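As the structure is a computational prediction, the values presented were derived from the model and not from experiment.
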Amino acid sequence: MNNKIKVKFPDGSEKEFDKGITALDIARQISNRLADEALVAKINGEVRDLAAKLDDDSELKLLTFDDPDGQHTYWHSTSHLMAHAIQSIYPEAKFGVGPAIENGFYYDVDIDVKLSEEDLPKIEQRMLEIAKQGNPFKRAELSKHEAYEFFKKKGDPYKQEIITELDEKKDVISIYEEGGFTDLCTGPHIPDTSKIKFVKLLSVSGSYWRGDEKNKQLQRIYGISFPKKKMLDDYLTLLEEAKKRDHRKLGKELELFLISPKIGIGLPIWLPKGTVLRDTLEKFLREEQLKRGYLPVVTPHIGNIELYKTSGHYPYYKESQFPTLKLEDGHEEYLLKPMNCPHHFQIYASKPRSYRDLPIRIAEFGTVYRYEKSGELNGLTRVRSFAVDDSHIFVRQDQLKDEVCNVIELIQVVFSVMGFKDFTTQLSFRDENVEKYGGEIELWEKAQQEIREAADLMKLNYIVAEGEAAFYGPKIDFMVKDALGRKWQLGTVQIDYVMPERFNLEYTGSDGQKHRPVVIHRAPFGSLERFIGVLIEHYAGYFPTWLAPVQAVVIPVSQNFFDYAENVHKLLLESNIRSELDLRSEKVGYKIRDWETQKVPYMLIVGEKEKETGTVSVRQHKAGDKGNILLKDFISKINLEIVNKVNHN
């Protein structure tokens with residue numbers, strides 16, 4: 001009888017161990033330092049507790065905090081620790097869910113006391129006290145009945161509700177206990193609480209149980225934790241910088257957009273400067289699309305409900321759409337447009353198409369409407385009305401891969417010009433839940449293979465996420481890192497075999513027979529509102545000159561030079577430079593400081609010397625005094641900067 005197993009490590013090396021050895025014991029045999037830093041194990045691709053035993057030949061990777069799965073486990077375990085601390089302070093506490101998120105964790109709690117941020121340090125202190133006890137996280141698996149009875153006795157109705165929805169035949173029901181506190185949890189967890197060293201609870205807010213406004217509102221506590229103090233300090237510094245860059249704050253200070261409850265929450269109004277920014281982005285993309293053969297269209301803001309029933313948007317997204325509009329005669333029913341694609345399909349179907357016509361690239365900055373819950377709205381990044389830089393490309397099968405690659409190239413151009421140097425991609429595929437998706441499985445498999453091949457051809461750095469596809473097809477989602485290293489999902493490209501079938505789209509092939517086109521959905525910006533919100537924070541409101549709503553401001557040093565300042569301002573405007581003229585009766589130093597806060601790229605100071613020599617004294621935002629220059633030379637310089645879309649950030 002062989003009591004040995006072979007374990008393969010990430011570097012390709014293999015080693016024999018006794019059957020039943022734990023991942024933690026293997027870490028100890030490799031080095032004490034690794035055993036100390038390891039948080040969780042990846043065994044045959046599955047993330048598991050370090051206490052997990054290896055009974056067969058396996059592939060093993062020991063994960064530390066440097067690994068995303070290690071961080072996720074660390075934060076998930078800290079969430080569990082926070083729940084323990086809350087229950088020790090508030091014995092009546094009942095708990096919703098407490099997952100790890102992209103940066104940290106949260107837990108939804110139901111207690112009798114209304115918490116404020118002043119209460120958080122007390123919970124933090126209790127967490128650290130428990131952490132120092134070094135309590136091990138112990139996993140146990142229960143039957144559905146046992147788990148339900150356990151949490152019924154504990155008096156935790158939220159956990160009971162979750163358990164009732166679990167399927168014993170498919171779901172492993174597990175609990176974790178540490179230091180006398182037990183939680184319903186799939187895990188994994190870190191070995192013990194002593195590894196949680198530095199904790200900061202960040203905020204508390206209201207959250208309806210399961211996101212449903214009909215349910216009780218719980219209190220959601222957000223936090224972050226790290227194994228080293230410097231990591232926490234660096235993160236808190238980053239957080240402070242993020243607050244300064246908050247697009248809601250800068251949007252108000254820079255007079256870019258307005259969200260007023262009198263108009264409606266989640267319905268942004270673009271102020272003049274914001275409209276200039278938005279129009280400049282649209283112009284840039286329109287020009288790039290024109291080079292690539294896109295045809296601009298405009299479609300209505302509403303459509304007959306039958307259109308969206310055919311597409312599937314109405315049943316699939318019914319809960320996130322506004323109520324239908326019924327006409328007086330009762331025969332017609334309309335819907336605020338949730339998507340542009342059904343309208344574009346009608347354009348394609350409006351006349352016969354030949355194989356020679358394809359590809360047809362239809363593009364629109366189309367406004368769509370979604371009924372987002374009020375608690376989920378967030379400035380420009382989560383709204384109820386937004387424009388999508390939408391395009392639908394109708395192609396023959398033999399054109400599909402090249403066209404997808406062309407779209408990827410366009411998205412790469414957009415990101416490069418915007419200064420997004422660091423981005424990854426996610427291939428969003430379907431999962432096994434057939435009810436979530438339309439169309440034949442064979443076509444889905446074909447589309448997923450094609451989208452993967454296109455990603456490989458373009459040498460994209462991607463991960464595959466099952467269950468993240470649109471209901472009509474797989475997609476490539478582009479994840480951008482901003483100046484603070486935060487990830488945002490922006491551009492997307494999707495392959496669709498389903499909609500052409502539902503709308504009976506056809507073209508006549510070279511064989512004289514009718515064929516189905518394939519549709520590519522694409523949006524380099526995604527939501528224009530969200531994209532601008534991300535841009536504001538990425539640039540901290542200091543936009544490159546080509547994007548800046550005001551590119552230069554003219555400041556005379558006194559009333560004696562108003563006439564020259566007005567002439568400079570006029571020449572700038574005639575040269576298509578967005579300029580303002582500051583004739584306020586304030587001191588020049590005050591005006592300079594004021595325009596610095598408004599983040600205008602250039603200030604042109606004019607006085608006697610400038611008037612006599614036909615020059616301007618140039619100050620550049622963040623760079624200071626750049627000296628005197630002939631006005632005509634400044635105009636040439638700034639126009640070159642605008643044309644080349646130079647990015648000083």
Excluding sequence neighbours, so at least two apart, what forms salt bridge (charged side-chain N to carboxylate O under 4.0 Å, His left out) with [X]?
| X | value |
| --- | --- |
| R48 | none |
| E466 | none |
| D390 | none |

Closest non-hydrogen atom pair, [X] against [Y]:
| X | Y | value |
| --- | --- | --- |
| Y176 | R139 | OH-NH1, 3.2 Å |
| F531 | M418 | CZ-CG, 3.7 Å |
| V498 | D496 | N-OD1, 2.7 Å |
| F415 | G491 | CZ-N, 3.9 Å |
| D456 | Y462 | OD1-OH, 2.8 Å |
| P474 | I451 | O-CD1, 3.6 Å |

With rounding to the nearest 0.5 Å, note down the distance linking [atom1] in [X] to [atom2] in [Y].
| X | Y | atom1 | atom2 | value |
| --- | --- | --- | --- | --- |
| I305 | K326 | CD1 | NZ | 9.0 Å |
| E403 | R292 | CD | CZ | 11.0 Å |
| L358 | I393 | CG | CD1 | 11.0 Å |
| Y74 | L63 | OH | CG | 15.0 Å |
| L184 | S174 | CG | OG | 7.0 Å |
| K144 | I163 | NZ | CD1 | 9.0 Å |

[X], [atom1] atom: more than 12 neighbouring heavy atoms under 6.0 Å:
| X | atom1 | result |
| --- | --- | --- |
| K61 | NZ | no |
| E432 | CD | no |
| E440 | CD | no |

Would you mind reporting whether M479 and Q426 have side-chain heavy atoms less than 4.5 Å apart?
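Yes, close enough: below the 4.5 Å cut-off.
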Residue pair D482 / W488, side-chain donor-acceptor N/O under 3.5 Å
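Indeed, the side chains of D482 and W488 share at least one donor-acceptor pair under 3.5 Å.
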Pair Q346-L307, side chain to side chain contact (heavy atoms under 4.5 Å, CB included): steps then yes or no
CA-CA 9 Å; Q346 297 309 302; L307 189 67; 3.7 Å; yes
Does a side-chain N-to-carboxylate-O contact under 4.0 Å join [X] and [Y]?
| X | Y | result |
| --- | --- | --- |
| E529 | R370 | no |
| K42 | E59 | no |
| R278 | E282 | yes |

Y437 pairs by ring pair (Phe, Tyr, Trp, His ring centres under 6.0 Å) with which of F429, Y497, W444, F471?
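Exactly one candidate clears the test, W444.
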Just by distance, do the side chain of [X] and the backbone of [Y] share a donor-acceptor pair under 3.5 Å?
| X | Y | value |
| --- | --- | --- |
| D156 | F95 | yes |
| R353 | E506 | no |
| E372 | S320 | no |
| E333 | T324 | no |
| S416 | V413 | no |
| S79 | G98 | yes |
| S77 | H189 | no |

Mutual orientation of the aromatic rings belonging to [X] and [Y] [parallel < 30°, tilted 30-60°, perpendicular > 60°]:
| X | Y | result |
| --- | --- | --- |
| F525 | F365 | tilted |
| Y348 | F394 | parallel |
| F420 | H538 | tilted |

Checking side-chain hydrogen bond (donor to acceptor under 3.5 Å, both in side chains) for the pair S391/Q289: CA distance, chi angles, key distance, verdict?
CA-CA 10 Å; S391 175; Q289 290 178 164; 5.7 Å; no
Dump the intermediate steps for side chain to side chain contact (heavy atoms under 4.5 Å, CB included) on K337 and T367, then the final yes or no.
CA-CA 8 Å; K337 181 169 62 174; T367 301; 5.7 Å; no
Let's go through E102 and R486 carefully: what are the C-alpha distance in whole Å and the side-chain angles of both, what is the deciding distance for salt bridge (Lys or Arg N to Asp or Glu O under 4.0 Å) to 0.1 Å, and is it a yes or a no?
CA-CA 9 Å; E102 185 175 356; R486 300 169 302 181; over 6 Å; no
Determine, stepwise, if the pair K291 / E287 fulfils salt bridge (Lys or Arg N to Asp or Glu O under 4.0 Å).
CA-CA 6 Å; K291 296 175 192 174; E287 289 174 352; over 6 Å; no
May I have the step-by-step check of side chain to side chain contact (heavy atoms under 4.5 Å, CB included) for D357 and Y507, ending in yes or no?
CA-CA 9 Å; D357 300 327; Y507 68 88; over 6 Å; no
Apply the test side chain to side chain contact (heavy atoms under 4.5 Å, CB included) to residues K159 and D183: give CA-CA distance (whole Å), side-chain angles for both, the deciding distance (0.1 Å), then the verdict.
CA-CA 9 Å; K159 302 297 184 184; D183 202 1; 3.2 Å; yes
Are H521 and Y472 an aromatic pair by the rule of ring centers under 6.0 Å?
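Yes, the ring centres sit under 6.0 Å apart.
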Check the pair E445, Q449 against side-chain hydrogen bond (donor to acceptor under 3.5 Å, both in side chains), reporting the backbone distance first and the verdict last.
CA-CA 6 Å; E445 289 172 352; Q449 181 61 29; over 6 Å; no
Would you verify whether the NZ or CZ of R220 falls within 45 degrees of the ring axis of Y106 while also being under 6.0 Å from that six-membered ring's centre?
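Yes, cation above the ring, under 6.0 Å and within 45°.
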Tell me, with the steps shown, if E161 and K216 meet salt bridge (Lys or Arg N to Asp or Glu O under 4.0 Å).
CA-CA 13 Å; E161 184 177 326; K216 185 173 183 178; over 6 Å; no
